[in-house]
Amino acid sequence: MRNVDLHHGASSDVGLVRKVNEDSYLVAPPVFVVADGMGGHSGGDVASQMVVEEFQRLAAVYDPSRGAEQVADTFARAQARIIDFGNAHRAMTPGWHAGTTAVVAVLVDDNGVTKWLLANLGDSRIYRITDGSLEQISVDHSVVQELIDAGQITVEEAATHPERHVITRALGSPEGIQPDFFLLPLGSVERLLLCSDGVTGMIEDKEIEDILESVADPRDAADRLVRAAVAAGGRDNATAIVVDVVGLVKDATYDSQRQLESLESKLGGRL
């Protein structure tokens with residue numbers, strides 16, 4: 001994989017309501033992760049940290065030509081650790097649980113071409129800035145997203161829906177995990193954002209876009225996003241990673257269906 005110059009920044013805050021920050025994040029180029037834990041102290045915070053630990057191990061031995069396979073395997077290892085951790089605690093405290101969302105971004109070598117491989121589980125999100133516009137790449141694994149997709153509620157109604165925090169996929173789920181994967185050309189991403197729902201649940205996409213467009217340094221941009229979420233009420237832990245690809249060349253030849261089929265073949269049908 002040819003050298004790619006990445007500039008990045010990260011920020012996290014416990015917010016104004018929670019006592020413990022259950023978010024964890026990893027910046028280990030070319031591996032970036034945000035995990036939003038669920039289950040309270042020594043539940044969600046431990047689960048999210050387990051995800052980060054497994055991806056930290058991946059970063060130490062990462063092979064960009066096997067990126068899709070390695071990310072899938074790392075998710076599986078994190079899932080096994082969280083399940084074992086939960087089982088041990090439930091033996092002493094029935095009903096106890098631990099889980100976490102996760103969004104991941106890595107650079108991969110796809111037949112000699114450098115691309116972004118993105119993955120998500122839950123309602124943490126991945127956005128990109130391209131040509132001055134913000135676009136959400138990940139699709140929330142949540143009850144309200146399913147209602148939106150079914151045409152039963154609008155995006156605006158989802159913001160106040162009583163089940164807006166109920167997610168349908170997460171690490172730690174006894175039903176297993178099924179992450180979504182997205183393969184994007186390097187030139188289609190000028191700026192990448194990975195964030196927990198403590199950011200997106202507090203500030204609108206337009207404000208996110210304005211910050212990402214107006215703040216040049218990714219470190220300052222990540223900090224501004226988190227501070228804006230806290231200033232808006234800080235009802236949840238807020239975490240953001242901002243990554244810039246320096247000197248990128250746009251690629252107008254992107255074929256999404258072909259890329260997904262290629263990725264599925266690399267994962268052996270696990271997509």
Side-chain angles (χ1 to χ4, degrees), residues 22-26 28 31-40 42-59 61-62 66-90 95-106 108 116-126 136-146 149 163-184 194-198 200 237 239 241 260-271:
E22 296 180 68
D23 288 358
S24 299
Y25 68 89
L26 173 68
V31 180
F32 303 90
V33 181
V34 170
D36 180 356
M38 303 167 290
S42 51
D45 56 336
V46 174
S48 67
Q49 187 58 39
M50 285 179 173
V51 172
V52 163
E53 288 171 359
E54 290 303 320
F55 277 95
Q56 180 73 67
R57 292 186 179 97
L58 170 63
V61 297
Y62 183 63
R66 299 174 54 234
E69 172 192 347
Q70 289 189 329
V71 169
D73 289 345
T74 303
F75 272 133
R77 288 195 301 272
Q79 167 75 351
R81 284 186 63 186
I82 296 168
I83 288 291
D84 288 346
F85 177 65
N87 288 340
H89 277 75
R90 275 189 293 276
W96 188 93
H97 73 283
T100 183
T101 71
V103 282
V104 177
V106 299
V108 297
W116 280 111
L117 176 67
L118 312 175
N120 79 290
L121 274 162
D123 61 355
S124 292
R125 291 182 179 177
I126 305 173
Q136 182 179 336
I137 300 300
S138 60
V139 178
D140 293 353
H141 300 142
S142 65
V143 168
V144 293
Q145 184 62 52
E146 291 181 353
D149 293 343
E163 294 188 310
R164 63 188 178 278
H165 299 302
V166 179
I167 62 174
T168 55
R169 299 189 211 175
L171 288 141
S173 169
E175 288 79 26
I177 57 172
Q178 186 182 355
D180 286 339
F181 290 87
F182 308 86
L183 192 62
L184 301 181
L194 287 73
C195 62
S196 63
D197 73 332
T200 57
N237 312 141
T239 301
I241 296 175
L260 285 173
E261 289 171 354
S262 171
L263 180 58
E264 184 169 11
S265 69
K266 289 182 173 67
L267 289 169
R270 286 182 286 177
L271 203 60

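Keep in mind that what you see is a predicted model, and the values were worked out from it rather than measured.
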Would you confirm whether [X], through its side chain, and [Y], through its main-chain N or O, come within 3.5 Å as a donor-acceptor pair?
X    : Y    : value
R169 : Q178 : yes
T239 : S196 : no
N237 : E22  : yes
T74  : F55  : no
T100 : A47  : no

Using side-chain heavy atoms (C-beta onward) and a distance below 4.5 Å, is [X] in contact with [Y]?
X    : Y    : value
L183 : L117 : yes
H141 : D180 : yes
F182 : I126 : no
I137 : W116 : no
Y62  : V108 : yes
V106 : Q70  : no

- Item | H89: partners by ring pair (Phe, Tyr, Trp, His ring centres under 6.0 Å), with sequence neighbours left out |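 In terms of ring pair (Phe, Tyr, Trp, His ring centres under 6.0 Å), with neighbours along the sequence ignored, H89 is linked to F85, W96.
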- Query: For F32, what residues pass the ring pair (Phe, Tyr, Trp, His ring centres under 6.0 Å) criterion, not counting sequence neighbours?
  - Reply: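 H8.
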- Looking only at side chains, do S24 and S48 share a donor and an acceptor under 3.5 Å apart?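 There is such a pair between these side chains.
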- With rounding to the nearest 0.5 Å, note down the distance linking CG in D36 to CZ in R125.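 Rounded to the nearest 0.5 Å, the CG-CZ separation comes to 12.5 Å.
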Could you pull out the closest heavy-atom pair between [X] and [Y], with the gap in Å?
X    : Y    : result
R77  : E54  : NE-OE1, 3.2 Å
Q79  : I177 : OE1-CG2, 3.4 Å
D140 : D123 : OD1-O, 3.9 Å
T200 : D197 : OG1-CA, 3.4 Å
S124 : N120 : O-ND2, 4.4 Å
A102 : V51  : CB-CG1, 4.3 Å

